[in-house]
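No hydrogens, no waters, no symmetry mates; every other heavy atom, side chains included, goes into these values. To find a chain, count down the sequence lines: A is the first, B the second, and so on, and within it residues start at 1. Computed from a predicted structure; not experimentally measured.
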2 protein chains.
Amino acid sequence: MTLEEVARRAGVSTATVSRVLNNAGVVKESTRRKVLEACRELRYHPNLHARSLAGGKSRTLGMIVSNIQNPFFLDIFCSLESVAFQHNYEVVVEHTDYRPSRLVAAVRSMLGRRVAGLAVIVSEMEPSLIDELSASNIPVVFYDVGHPARNITNIRVRYEKGMQRTVEYLYSLGHRRMAFVGHHAGLDPLHERLRAFLDTMGRYCGEVRYTSAVSSDSPAGGRQAAHQLLASGFEPTAILCVNDFMALGVLRELRERGLSVPGDVSVTGFDNIGISEFTCPALTTVNIPRRRIGEMAFEILVQGQTATANADREILIDPELVVRESTGPAPEA
Amino acid sequence: MTLEEVARRAGVSTATVSRVLNNAGVVKESTRRKVLEACRELRYHPNLHARSLAGGKSRTLGMIVSNIQNPFFLDIFCSLESVAFQHNYEVVVEHTDYRPSRLVAAVRSMLGRRVAGLAVIVSEMEPSLIDELSASNIPVVFYDVGHPARNITNIRVRYEKGMQRTVEYLYSLGHRRMAFVGHHAGLDPLHERLRAFLDTMGRYCGEVRYTSAVSSDSPAGGRQAAHQLLASGFEPTAILCVNDFMALGVLRELRERGLSVPGDVSVTGFDNIGISEFTCPALTTVNIPRRRIGEMAFEILVQGQTATANADREILIDPELVVRESTGPAPEA
DNA sequence: GGAATCGTCGTAAGCGCTTACAGGGGCGGG
DNA sequence: CCCGCCCCTGTAAGCGCTTACGACGATTCC
């Protein structure tokens with residue numbers, strides 16, 4: 001089913017059909033109706049490939065995330081998708097499993113699709129991409145990695161702040177032995193969170209002791225890390241998780257071991273994903289405005305194209321501590 | 001950056017470059033290297049649109065789900081994506097929010113993309129789609145809705161069985177007052193689950209009483225439904241949820257009200273999503289082999305294309321009860 | 001009444017790729 | 001030494017669409 005067949009059926013030229021379908025140019029009302037009628041009868045669906053090849057533009061955005069199973073990334077995707085949908089854009093996601101090689105492949109694939117804009121929300125990084133993307137001439141939003149460059153805007157969350165609040169808060173509750181649970185993808189932003197953790201600890205709590213464990217980014221990974229942590233003999237009074245997703249598993253492991261949260265040990269997450277308030281106990285965490293991040297990404301990619309072109313930008317977001325039930329005073333030694 | 005520029009740079013024709021890039025035809029090793037070299041220097045990325053327009057085929061699959069935030073759908077997507085990735089295919093998702101109108105739009109969009117195959121994993125339905133898809137000549141997999149037709153394979157999960165097991169199990173534990181929590185998208189498969197619930201109840205338990213509540217498909221929705229349920233005065237000893245995602249909220253609401261699970265009331269879910277074993281208490285649920293569904297979808301879409309062409313098929317899956325901690329004997333009256 | 005104007009539409013040239021098909025060297029065999 | 005064949009490569013015709021550009025009849029204006 002092609003444009004030409006529709007044109008033939010409606011007794012007009014392909015140009016006219018195209019005009020009708022794109023609401024471009026002027027078409028007499030009666031011919032418009034004929035064309036639409038023909039489209040319906042023939043169950044015509046325009047070929048998007050031909051369309052964006054000819055038009056040189058596409059109404060689809062690309063988004064690359066590290067782990068789409070993690071609600072944090074998923075939420076950002078949904079948020080972007082939602083705004084995009086309202087503006088008649090589509091967005092295709094790809095995930096990298098935290099592997100730089102897959103990141104590169106995903107970016108290439110997106111460039112191949114000639115997306116109208118690309119949001120890269122990942123933890124891992126591949127330095128060469130910056131140049132490649134910058135040279136590609138399509139607007140790009142990075143989350144947390146890479147500095148801004150031509151066409152590239154960077155949205156950065158100040159993890160230090162969030163981590164600092166968390167540590168201070170736990171410290172004020174009397175916690176002195178803390179542990180950090182992270183995941184394997186030990187690249188920048190994670191190091192960043194861990195570093196922030198250590199920095200703050202060093203600054204505020206001279207006598208504090210810590211340890212850390214890593215596993216995969218999933219509840220099961222969190223559980224495994226917690227297991228490993230507790231098996232090591234170190235007995236933390238508080239466990240800080242790199243994100244809520246893993247914290248789920250940590251909570252589970254603690255319960256399994258008969259440790260009460262927050263009675264015996266306090267637990268904190270990061271991200272404030274939706275289910276973190278449905279855990280038991282509800283998770284104390286650090287909120288990151290995912291909805292806004294998605295919206296901002298859209299604005300930058302689509303609308304900012306003209307508005308702030310070439311205005312190399314970096315957007316900073318301050319996360320905030322959300323205290324719920326999983327944290328409490330440190331147990332008496 | 002086009003094929004032609006690469007060709008010029010490498011001093012060959014576009015046909016040769018194309019051959020190199022697609023590993024098609026024979027090319028002398030030295031020219032192959034020259035071409036690849038040119039590609040690298042020019043940071044060339046083939047235009048996928050042009051490619052699939054010219055080639056008439058694309059290596060991308062489409063997938064439409066009702067609610068991608070629900071881990072059930074997400075898992076199937078990830079599973080499909082994973083196999084697809086191994087075979088060098090990509091898959092683009094779209095979600096409908098349970099709205100038939102969005103389903104139609106999504107299907108059209110996928111047809112417009114000329115996907116190589118389409119998996120429609122949704123609860124809602126729009127009858128006209130069957131014909132439209134069947135006529136489109138691309139392989140399609142439906143989950144749970146629609147009967148098989150030309151090019152269309154249907155994967156059906158026998159909810160009745162799962163529901164039956166669940167009800168029987170609860171009945172054997174002494175439960176007589178049960179409630180059902182569902183969501184708004186009251187279309188076929190959901191009705192199916194509710195119907196299965198009622199059927200079984202009617203058959204096995206003459207004296208059983210029930211009620212049901214619906215809300216949106218999310219933990220928050222589950223919580224709201226539970227709230228509404230308990231506010232109604234009906235005091236169930238068991239709550240069966242249409243899926244695990246909503247069960248999360250039900251558990252939370254019960255805890256909030258000081259009701260112990262399973263001491264005061266038992267709770268069951270459906271789907272066996274990953275986090276259902278990380279809830280507190282761990283959720284008794286019905287497993288649906290999501291991984292296999294994704295894999296089957298791929299086989300049908302890509303490999304079955306030739307193997308079982310035109311062999312109208314329906315695949316049946318029997319779900320199985322997974323007993324965990326959220327169910328127990330009914331409290332003494 | 002003829003020219004200028006406007007609204008409506010058709011013509012045709014690509015967009016960047018794939019792919020028959022043909023062509024042109026190099027080689028071996030007759 | 002010439003023919004045939006095999007390797008390798010180039011030529012060019014599309015794939016289905018968008019979009020300048022121009023054509024054409026119907027108004028309108030002087």
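Atom C1' of nucleotide C:dC15 and atom CG of B:Leu48 are separated by 15 Å, given to the nearest angstrom. If you take CZ of B:Arg114 and P of D:dG16, they are 8 Å apart, rounded to a whole angstrom. Put simply, CG on A:Leu3 is 9 Å from C1' on D:dT18, counting in whole angstrom units. Between the CD atom of A:Glu4 and the C1' atom of C:dT11 there is a distance of 13 Å, given to the nearest Å. Atom CG in A:Leu53 sits roughly 9 Å away from atom P in C:dC17 (whole-Å rounding). Rounding to whole angstrom units, CZ of residue A:Arg59 and P of D:dC17 are separated by 18 Å. Separating the CG atom of B:Asn23 from the P atom of C:dT19 is a distance of 13 Å, rounded to the nearest angstrom. Computed from coordinates, the A:His49 NE2 to D:dT18 C1' distance equals 17 Å when rounded to whole Å.
Residue order along DNA chain C, read from the 5' end via each residue's closest nucleotide, puts A:Val26 first among A:Val26 and B:Tyr44. Taking for each of B:Thr16 and B:Ala54 the nucleotide of DNA chain D with the nearest heavy atom, the 5'-most of the two is the partner of B:Thr16. Of the residues near DNA chain D, B:Gly55 and B:Glu29, the one whose nearest nucleotide (by heavy atom distance) lies more toward the 5' end is B:Glu29.
In this model, the phosphate group of C:dT18 is approached by a side-chain N or O of B:Arg51 to a distance below 4.0 Å at OP1 or OP2. Contact between the side-chain N/O atoms of A:Thr14 and the OP1/OP2 oxygens of D:dT18 is not found at any separation under 4.0 Å. For B:Ser18 and C:dT18, the shortest distance from a side-chain N or O to OP1 or OP2 is below 4.0 Å. Remark: B:Asn22 is in phosphate contact with C:dT18, judged by side-chain N or O atoms under 4.0 Å from OP1 or OP2. For B:Lys57 and C:dT19, the shortest distance from a side-chain N or O to OP1 or OP2 is below 4.0 Å.
With respect to A:Arg33 and A:Glu37, no salt bridge is recorded, no charged nitrogen being found less than 4.0 Å from a carboxylate O. A salt bridge links A:Arg108 with A:Glu132: the distance from a Lys NZ or Arg NE/NH1/NH2 to an Asp or Glu carboxylate oxygen falls below 4.0 Å.
Between the CE atom of A:Met110 and the CE atom of A:Met63 there is a distance of 9.5 Å, given to the nearest 0.5 Å.
In this structure, of D:dC17, C:dC17, C:dG10, it is C:dC17 that holds the atom nearest to the side chain of B:Asn47. Checked against D:dT9, C:dT19, C:dT11, the side chain of B:Val27 finds its nearest nucleotide in D:dT9. Proximity note for A:Lys28 (side chain, C-beta onward) versus D:dT9, D:dT18, C:dT8: the nearest is C:dT8.
One side chain, B:Ser66 or B:Glu124, offers a donor N or O that lies under 3.5 Å from an acceptor on the other.
Counted within 6.0 Å of CZ on B:Arg292, heavy atoms from surrounding residues, nucleotides or ligands total 12 or fewer; the atom is thus considered open.
Geometric assessment of B:Arg9 against the ring of B:Tyr44 yields a negative cation-pi assignment under the 6.0 Å and 45° thresholds.
Residue contacts for B:Ser52: at a heavy-atom cut-off of 4.0 Å it reaches no nucleic acid atom on any strand shown. Using a 4.0 Å heavy-atom criterion, one finds that A:Thr2 contacts the sugar-phosphate atoms exclusively. Residue contacts shown for A:Gly112 are absent, as no nucleic acid heavy atom lies under 4.0 Å away.
Counting distance only, with no hydrogens placed and no angle test, the side-chain atoms of A:Arg19 and the base atoms of C:dG10 include a donor-acceptor pair under 3.5 Å.
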